[in-house]
Amino acid sequence: MGRKKSRELIQGLREIFDAPVPDQGRKRRFLWAYPGPRLPLWQFVFIQMSYIRKRTWLLSLSLLLPALSAAYAVDGDVLWAASALAPFLGLLAVTESMRSALYGMDEFEMSARFSLKSVLLARMGILGLLDAFILCCFIPLCDGGGRISLFRAGLYILVPYLMTVTASLWLTRCFYSQDIIYGCMGVAVSVSGGNAFLHMAADFMHQNSNIVVWVSLSLFLFWKTAQEIYRMIRQTEELVWNL
């Protein structure tokens, strides 16, 4: 009899304290009905643009100057100058978008009005568009007087950029420390130097017959970059849950 009463008591406690199944429709209606100022997406994006440091904008845009100088001074090597600068463009984008995590301010930003996930996506999107603009400015300078197609020039610049972004995102995701910025700098320097070495020691890799290799490598790096961004966003959600 005692065991039966215990089981009944446990069953009763479960029925009382078990959380009900959440109703997502009621949750959305409650949030929309909650009084508070509404902020359009474009305004949110402009707010996040103001938080990106001015020196990041200036340094990113200043990378165009060496490429422009090379276009007039060393016509044949503009492409390799641009592809050597592309990793540093990726370094600036990653370190700026992950600044709150690198400086240990991510938990503070979790208590702000906007979720850390939204802030990260907005800053990554803004910096990604800035980098896309700069890379698109690089490409017309690198055709070598028509010797290299714009498509090939774009691949040779894009691959080192994506390599740096992917490796830097992995480092900042796995090692939450301000010192990891030096590791990201080492990645950018290594990719830039390796690209220059490939141009001098294995120039056959840049022949038109190997275009399939470069296309495959760029698609793989696109996928890895998207995967690292997804994992970074998932990690911020886990940090919110732990907090």
Side-chain angles (χ1 to χ4, degrees), residues 52-71 73-74 76-104 123-124 127-128 130-139 141-142 148 152-206 210 213-214 217-218 220-229 231-232:
I52 297 175
R53 290 174 295 186
K54 293 181 178 62
R55 67 182 182 186
T56 300
W57 296 96
L58 292 174
L59 286 172
S60 298
L61 292 171
S62 67
L63 292 177
L64 283 170
L65 297 178
L68 289 170
S69 301
V74 230
D77 286 334
V78 182
L79 175 60
W80 315 116
S83 61
L85 292 170
F88 297 100
L89 190 63
L91 171 67
L92 288 169
V94 173
T95 53
E96 180 62 30
S97 59
M98 300 305 301
R99 182 157 50 104
S100 59
L102 292 174
Y103 288 91
R123 292 180 185 175
M124 286 181 177
L127 292 166
L130 173 65
D131 289 357
F133 168 75
I134 295 173
L135 292 176
C136 288
C137 292
F138 277 160
I139 293 172
L141 301 173
C142 303
I148 299 177
R152 285 176 59 195
L155 286 176
Y156 299 152
I157 294 173
L158 188 63
V159 167
Y161 171 81
L162 290 176
M163 288 179 68
T164 306
V165 170
T166 302
S168 298
L169 284 173
W170 179 84
L171 286 174
T172 54
R173 180 174 60 85
C174 296
F175 304 98
Y176 262 47
S177 170
Q178 186 177 348
D179 294 334
I180 202 60
I181 191 171
Y182 299 110
C184 297
M185 291 172 63
V187 169
V189 172
S190 299
V191 173
S192 179
N195 186 71
F197 175 79
L198 185 67
H199 170 54
M200 292 185 295
D203 190 48
F204 65 91
M205 284 298 299
H206 298 101
N210 291 317
V213 176
W214 288 92
L217 187 56
S218 63
F220 172 76
L221 290 171
F222 262 120
W223 174 70
K224 290 299 293 183
T225 302
Q227 191 177 53
E228 285 300 322
I229 293 174
R231 288 173 177 172
M232 182 67 69

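Side chains are part of it too, since the values below use all heavy atoms of this structure and drop only hydrogens, waters and symmetry mates. None of the values given here were measured: they were computed from a predicted structure.
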Taking the side chain as C-beta and beyond, is there a heavy-atom pair between T56 and L127 under 4.5 Å?
yes

task = Find out whether F88 and S192 are in side-chain contact, i.e. whether some heavy atom of one side chain is under 4.5 Å from a heavy atom of the other.
result = yes

Rounded to the nearest 0.5 Å, the SG atom of C174 sits from the CZ atom of R231 at a distance of 8.5 Å

**Prompt:** Hey, does M124 have a side-chain heavy atom less than 4.5 Å from the side chain of L169?
**Reply:** yes

So CH2 of W170 and CD1 of I180: to nearest 0.5 Å the spacing works out to 8.0 Å

CG of L217 to CG of L155, rounded to nearest 0.5 Å, is 9.5 Å

Closest non-hydrogen atoms of G154 and I139, given as atom of the first, atom of the second and distance, are CA-CD1, 3.7 Å

Under a 4.5 Å cut-off applied to non-hydrogen side-chain atoms, are W214 and S218 in contact?
no

Between the CZ atom in R53 and the CG atom in L92, the distance rounded to the nearest 0.5 Å is 9.0 Å

One should read off an interatomic distance between E228 CD and W223 CH2, to the nearest 0.5 angstrom, of 10.0 Å

CG of L130 to CG of L89, rounded to nearest 0.5 Å, is 7.0 Å

Discussion item. Would you say that I134 contacts S60 through its side chain, given a criterion of any heavy-atom pair below 4.5 Å between the two side chains?
Written reply: yes

Sequence neighbours excluded, the answer for side-chain hydrogen bond (donor to acceptor under 3.5 Å, both in side chains) partners of T225 is T166

Scanning both residues in full, the closest heavy-atom pair of L91 with T164 reads N-CG2, 4.1 Å

What one should report as the nearest heavy-atom pair of Y161 and A86 is CD1-O, 3.4 Å

**Asked** Any side-chain heavy atom of L162 within less than 4.5 Å of one from K224?
**Response** no

Residues 181-189 side chain polar contacts: donor-acceptor under 3.5 Å, at least two apart:
none

Tightest non-hydrogen contact, residues S83 and P87, listed as O-CD, 3.2 Å

Cationic N near anionic O, under 4.0 Å, R123 to E96: no

